2 protein chains.
Amino acid sequence: MSQTVDRALSILPLLARGPADLGTVAAELDVHKSTALRLLRTLHEHGLVHRQRDQRYRLGARLFTLAQEAVANLDVREVAHAHLMALNESCGHTVHLAVYEEREVLYIDKVESRYPVRMYSRVGKPVPITVAAVAKLLLADLPEAERRALAERLDYPQYTPRSTPDAAAFLRELATVREQGWATDLGGHEESINCVGAPIKGPDGRVVAAMSVSAPNVVVSAEELLTLLPHVRRTADAISREYAGTTPPKEAATG
Amino acid sequence: MSQTVDRALSILPLLARGPADLGTVAAELDVHKSTALRLLRTLHEHGLVHRQRDQRYRLGARLFTLAQEAVANLDVREVAHAHLMALNESCGHTVHLAVYEEREVLYIDKVESRYPVRMYSRVGKPVPITVAAVAKLLLADLPEAERRALAERLDYPQYTPRSTPDAAAFLRELATVREQGWATDLGGHEESINCVGAPIKGPDGRVVAAMSVSAPNVVVSAEELLTLLPHVRRTADAISREYAGTTPPKEAATG
DNA sequence: AGTCGCGTTGCATGTACTGCAACGGTCGTT
DNA sequence: AACGACCGTTGCAGTACATGCAACGCGACT
């Protein structure tokens with residue numbers, strides 16, 4: 001809505017692809033060099049971009065600090081962390097915590113597997129939204145209209161033969177998930193990786209986050225992993241209760 | 001330099017302190033509500049701020065993604081990680097990796113101690129710049145003029161009696177560090193915590209990052225920790241060599 | 001030494017940002 | 001249930017401010 005700011009912010013994802021010099025930035029924004037310069041300078045003053053010795057621009061450290069503070073505001077994460085650690089202690093597998101925001105699902109915490117074979121993922125990375133167990137849990141709770149609209153607009157990449165094929169199938173899956181109160185991803189993203197997840201609910205009953213346990217076939221079979229379901233659900237419920245306790249009753253905080 | 005962008009970006013640190021509504025933001029920026037609205041909308045479209053259910057604004061998830069991608073561009077981190085893990089495996093203590101950028105030093109990687117008593121720190125958090133071993137290493141390598149100017153401008157908080165007292169002492173310390181090629185922090189930040197660190201150098205010999213091992217007194221004494229120095233230096237040198245190998249010879253990348 | 005490329009600066013033009021005032025919805029109150 | 005207060009939102013006129021141009025300075029490469 002604000003042209004200047006819009007242009008300035010467009011520089012960030014551009015630099016996320018790697019360092020760039022002034023000319024490149026100006027060309028990509030389709031503005032004059034002097035314009036790009038002033039925008040970059042402003043970003044620089046705020047620490048969002050950094051100028052390296054060869055004069056090219058990179059994303060800056062302040063982004064780190066901000067992201068850090070952003071996550072600090074997500075109270076669920078604080079509450080959940082200890083529970084996730086405990087779950088990891090007892091089962092040994094990778095544990096994830098994720099939230100939904102602005103048509104994206106992303107991991108906000110992770111406890112690494114104690115097994116040598118680990119799943120690749122990273123806190124802050126968007127989650128494959130059509131297949132991940134945590135994504136299903138979070139989307140299943142969206143208001144009907146929003147859920148339907150989102151499902152229609154998504155891409156359905158066929159990571160594996162078991163990936164969700166299309167919007168219709170996805171919506172059916174979400175209905176099931178909402179009804180049963182838990183979700184799985186059985187090789188829908190990576191052929192050999194399975195996940196079981198459960199929702200974390202706020203005091204108003206709405207899903208504020210989702211957690212899952214993931215393990216590769218080579219460590220435990222899908223059936224064995226499913227035996228962890230009660231444990232996962234108990235953990236999620238425990239987090240929900242503690243979260244309800246710490247959250248000011250009226251505050252409808254997302255995360 | 002660009003008023004509009006400047007104002008828009010000022011919103012981010014403001015929201016980092018916690019969610020805020022439109023009126024608050026407008027008041028803090030000292031602009032009209034409608035102006036604040038348009039800025040917030042633009043930030044929103046780019047995913048940098050998120051609107052929660054109570055209509056208040058929070059920092060958004062895209063910040064995470066960007067920070068994530070920013071760090072992915074720091075090649076030192078990629079190279080260093082395995083070495084840091086190995087060092088942690090062998091000694092068990094907390095291992096940190098840090099870089100200098102825009103008058104700040106910050107942790108970009110960390111391997112947690114295997115001992116129950118752990119040092120508090122967080123990736124992305126600014127480092128106490130006048131006392132931390134990694135900060136000394138990074139600042140010691142700055143060009144004379146910049147180093148001196150920075151030292152004069154810093155605050156010297158007395159965390160403990162052994163904290164660096166003033167600019168003169170700090171500059172002397174940096175000279176020593178530069179000469180000996182390693183640094184310590186013996187209770188200068190937290191009374192009971194000691195660190196030993198060594199620099200990681202780029203192909204041109206300049207310090208691109210610094211690493212350190214930290215442990216509380218209750219686990220090992222300062223003397224014991226110092227016996228790890230050769231090990232730490234060997235690790236830092238190994239990273240330097242590998243980094244020199246992977247870095248295009250001409251690229252003067254900061255991180 | 002000369003030329004090319006890139007970042008930088010000052011300035012005139014006009015665009016798009018600003019603040020105002022009025023509207024509409026929601027919540028809390030009487 | 002009706003009223004009032006509050007907050008977010010919209011359209012608009014004026015003008016501050018962002019834009020692009022052209023010229024300069026600097027360093028690298030030939």
Side-chain angles (χ1 to χ4, degrees), chain A residues 1-12 14-15 18-46 48-60 102 143 145-146 203-204 206 248-254, chain B residues 1-12 14-15 18-46 48-60 102 143 145-146 203-204 206 248-254:
Chain A
M1 301 239 102
S2 166
Q3 189 188 61
T4 318
V5 178
D6 185 49
R7 284 175 172 166
L9 297 183
S10 303
I11 294 177
L12 298 178
L14 195 159
L15 291 185
D21 59 25
L22 178 61
T24 311
V25 172
E28 294 250 13
L29 287 186
D30 198 31
V31 297
H32 196 269
K33 279 188 304 174
S34 58
T35 304
L37 180 65
R38 235 162 345 93
L39 298 178
L40 280 165
R41 279 228 255 257
T42 312
L43 289 168
H44 180 92
E45 271 181 17
H46 285 257
L48 298 185
V49 309
H50 171 65
R51 196 142 200 208
Q52 38 189 54
R53 269 197 279 290
D54 61 359
Q55 290 213 106
R56 291 188 306 166
Y57 295 92
R58 269 207 307 99
L59 291 181
E102 307 290 335
E146 193 177 345
D204 55 356
R206 303 226 28 197
K250 193 59 200 304
E251 284 266 21
T254 295
Chain B
M1 299 240 102
S2 165
Q3 191 189 60
T4 317
V5 178
D6 186 49
R7 284 175 173 167
L9 298 183
S10 302
I11 294 177
L12 299 178
L14 195 158
L15 291 185
D21 60 25
L22 178 61
T24 310
V25 172
E28 294 250 13
L29 286 185
D30 198 32
V31 296
H32 196 269
K33 280 187 304 176
S34 59
T35 304
L37 179 65
R38 238 161 342 93
L39 298 178
L40 280 165
R41 278 227 255 259
T42 312
L43 289 169
H44 180 93
E45 271 181 17
H46 286 257
L48 297 185
V49 309
H50 171 66
R51 196 142 200 207
Q52 38 188 52
R53 270 197 278 289
D54 60 359
Q55 290 212 107
R56 291 188 306 166
Y57 295 91
R58 268 207 305 97
L59 291 182
E102 308 288 336
E146 195 177 344
D204 55 357
R206 302 224 31 196
K250 193 60 200 306
E251 283 267 21
T254 295

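Lettering follows sequence order; numbering is per chain, from 1. Every value quoted in this text rests on a predicted model; they were computed, and no experiment measured them.
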First encountered from the 5' end of DNA chain C, between B:His32 and A:Asp21 = A:Asp21

Below 4.0 Å: OP1/OP2 of C:dG7 and any side-chain N or O of A:Ser34 = no

key: Which residue lies more 5' along DNA chain C, comparing A:Val5 with A:Leu37 via nearest heavy atoms   = A:Leu37

ask   = CG of A:Leu48 to CG of A:Leu9: how many Å apart, nearest 0.5 Å?
value = 8.5 Å

ask   = Could you state the interatomic distance from CE (A:Met1) to NE2 (B:His44), rounded to the nearest 0.5 Å?
value = 11.5 Å

query = Does a side-chain N-to-carboxylate-O contact under 4.0 Å join A:Asp204 and A:Arg206?
reply = no

remark   = Picking from C:dC20, D:dG20, D:dG8, the nucleotide nearest the side-chain atoms of B:Arg51 would be D:dG8

query = Should B:Arg7 be listed as having a side-chain N or O under 4.0 Å from OP1 or OP2 of C:dC17?
reply = no

ask   = Which nucleotide sits closest to the side chain of A:Arg41: C:dC17, D:dT9, C:dT9?
value = C:dT9

request  = Look up atom CG in A:Leu29 and atom CG in A:Leu39, then write down how far apart they are to the nearest 0.5 Å.
outcome  = 7.0 Å

Integer-rounded Å distance: C:dC17 P and B:Asp6 CG = 15 Å

Nearest-Å distance for atom pair CD/P, residues A:Gln55 and D:dG27 = 10 Å

ask   = Picking from D:dT9, D:dC17, D:dT19, which would you name as closest to the side chain of B:Gln3?
value = D:dC17

remark   = From CG of B:Asp54 across to P of D:dC6 the rounded distance in Å is 19 Å

Per A:Val31 side chain, nearest of listed nucleotides C:dT8, D:dG20, D:dT9 = D:dG20

inquiry  = Counting only side-chain heavy atoms from C-beta out, which of D:dC21, D:dT10, D:dT9 sits nearest to B:Tyr57?
reply    = D:dT9

query = Does a nitrogen or oxygen in the side chain of B:Arg38 sit under 4.0 Å from OP1 or OP2 of D:dG11?
reply = no

message = From CG of A:Leu40 over to C1' of C:dC6, roughly how many Å is that when rounded to an integer?
response = 14 Å

task = Could you check how far CG of A:Leu22 sits from C1' of C:dG5, rounded to whole Å?
result = 12 Å

key: Rounded distance in Å - CG (B:Leu39) to P (C:dA16)   = 16 Å

message = Does a side-chain N or O of A:Thr35 approach OP1 or OP2 of D:dG20 to a distance below 4.0 Å, or not?
response = yes

request  = Would you mind reading off the distance between A:Lys33 atom NZ and D:dT19 atom P, rounded to a whole angstrom?
outcome  = 16 Å

task = Give a yes/no answer on whether the side chain of B:Thr4 brings an N or O atom under 4.0 Å of OP1 or OP2 in C:dC17.
result = no

request  = Indicate the atoms forming the closest heavy-atom contact of B:Ser2 with A:Thr4, along with that distance.
outcome  = OG-CG2, 3.6 Å

